[in-house]
Amino acid sequence: MKITVPVLIALSSVLFVNGNAMANSPTVKDSMKLMSKSYRAVMKDTNIDSFKKDLSSFKQSAQEAQHTSVVGNDKATFDSGMKQLLDEVNVVEATAEQKGLVPAQQEAKKLRDIMGQFHTKLGV
């Protein structure tokens, strides 16, 4: 099979763009660091607006972590943990809207419990 120069250039471009996109994607570790930072901010917030902003950052980091490539036997456990975590974020968001800062922070403590539970299961 004869491959022409334009075909090689096209294939090289696709590989470069795809590889570059993957290199710029956050890793699970990166996302977890951001989640940890956002969680600490959520628990220290003193007004509802900053709480919502920090919770949104936490949620975004969790969603990014959820979309990373975890392979192996731990994938099902990881996926289950991320689903539970994001489900609880939705509960915390609703609590913030309906009841305010203090009850939302109380509810947000469950996020730490879920993270701890799945970190133990995953051995991280």
Side-chain angles (χ1 to χ4, degrees):
M1 179 168 122
K2 187 175 180 182
I3 298 178
T4 63
V5 172
V7 171
L8 286 174
I9 291 171
L11 286 172
S12 296
S13 296
V14 168
L15 291 174
F16 176 76
V17 169
N18 195 20
N20 210 14
M22 290 175 70
N24 292 328
S25 298
T27 64
V28 172
K29 187 176 181 178
D30 295 335
S31 296
M32 295 294 167
K33 283 182 182 179
L34 291 172
M35 285 170 57
S36 178
K37 181 180 175 183
S38 298
Y39 178 79
R40 286 191 309 274
V42 159
M43 297 312 292
K44 290 180 182 177
D45 283 325
T46 58
N47 69 65
I48 195 68
D49 292 330
S50 59
F51 177 87
K52 288 178 182 179
K53 179 179 167 264
D54 291 328
L55 185 61
S56 177
S57 294
F58 179 88
K59 185 176 187 176
Q60 181 179 351
S61 297
Q63 289 168 332
E64 288 173 0
Q66 186 180 35
H67 290 61
T68 56
S69 298
V70 174
V71 294
N73 296 335
D74 291 336
K75 180 161 179 39
T77 302
F78 177 82
D79 290 346
S80 174
M82 293 310 297
K83 181 180 179 338
Q84 282 186 24
L85 189 68
L86 288 166
D87 287 348
E88 182 59 26
V89 169
N90 292 334
V91 172
V92 175
E93 288 174 328
T95 302
E97 285 298 321
Q98 296 167 4
K99 298 180 181 177
L101 178 64
V102 174
Q105 284 177 319
Q106 285 298 112
E107 188 66 34
K109 289 179 181 179
K110 293 179 183 176
L111 297 170
R112 184 81 207 132
D113 295 340
I114 294 167
M115 290 185 288
Q117 174 188 357
F118 281 91
H119 283 173
T120 299
K121 285 182 179 183
L122 294 166
V124 294

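- Cluster annotation: V92 is connected to L101 through the hydrophobic network of ILVMFWY side chains, with a link wherever side-chain heavy atoms come within less than 4.5 Å.
- Minimum interatomic distance between A62 and L85 (heavy atoms only, all atoms of both residues): CB-CD2, 4.3 Å.
- The two atoms that bring I48 and G100 nearest to each other are CD1-C, 3.8 Å, heavy atoms only.
- A 4.5 Å side-chain heavy-atom check between L111 and F58 finds at least one atom pair inside the cut-off.
- Side-chain N or O atoms of T95 include one that pairs as donor or acceptor with a backbone N or O of V91 at under 3.5 Å.
- Judged purely by distance below 3.5 Å, without hydrogens or angles, the side chains of D30 and T27 pair a donor atom with an acceptor atom.
- Listed by chain and residue number, K109 satisfy the side-chain hydrogen bond (donor to acceptor under 3.5 Å, both in side chains) test with Q106 (two or more places apart in sequence, or in another chain).
- Closest of all the heavy-atom pairs between A65 and M35 is CB-SD, 4.4 Å.
- There is a side-chain donor-acceptor pair under 3.5 Å between N47 and S50.
- Atom CE in M82 sits 10.0 Å away from atom CD in E64 (nearest 0.5 Å).
- With contacts defined as side-chain heavy-atom distances shorter than 4.5 Å, the pair Q117/K121 qualifies.
- The cationic group of K75 does not satisfy the cation-pi geometry with F78, failing either the under 6.0 Å distance to the six-membered ring centre or the 45° limit from the ring axis.
- Linking ILVMFWY side-chain heavy atoms closer than 4.5 Å, directly or via other members, places I114 and Y39 in a single hydrophobic cluster.
- Neither V42 nor V102 shares a network with the other; the hydrophobic side chains, linked directly or stepwise wherever heavy atoms of I, L, V, M, F, W or Y lie under 4.5 Å apart, form separate groups for each.
- Applying the side chain to side chain donor-acceptor pair (under 3.5 Å) test to pairs two or more places apart or on separate chains, those with a residue in residues 85-94 are K59-N90, K59-E93, K83-D87.
- Under the 4.5 Å side-chain contact rule for hydrophobic residues, V28 and V89 share a cluster.
- A side-chain donor-acceptor contact under 3.5 Å links S61 to the backbone of S57.
- Hydrophobic clustering (ILVMFWY, side-chain heavy atoms < 4.5 Å, transitive): V124 and L34 are in distinct clusters.
- Separation of atoms CZ (F51) and CE (M43) is listed at 7.5 Å; rounding is to 0.5 Å.
- Residues satisfying the side-chain contact (heavy atoms from CB on, under 4.5 Å) test with S36, not counting sequence neighbours, are R40.
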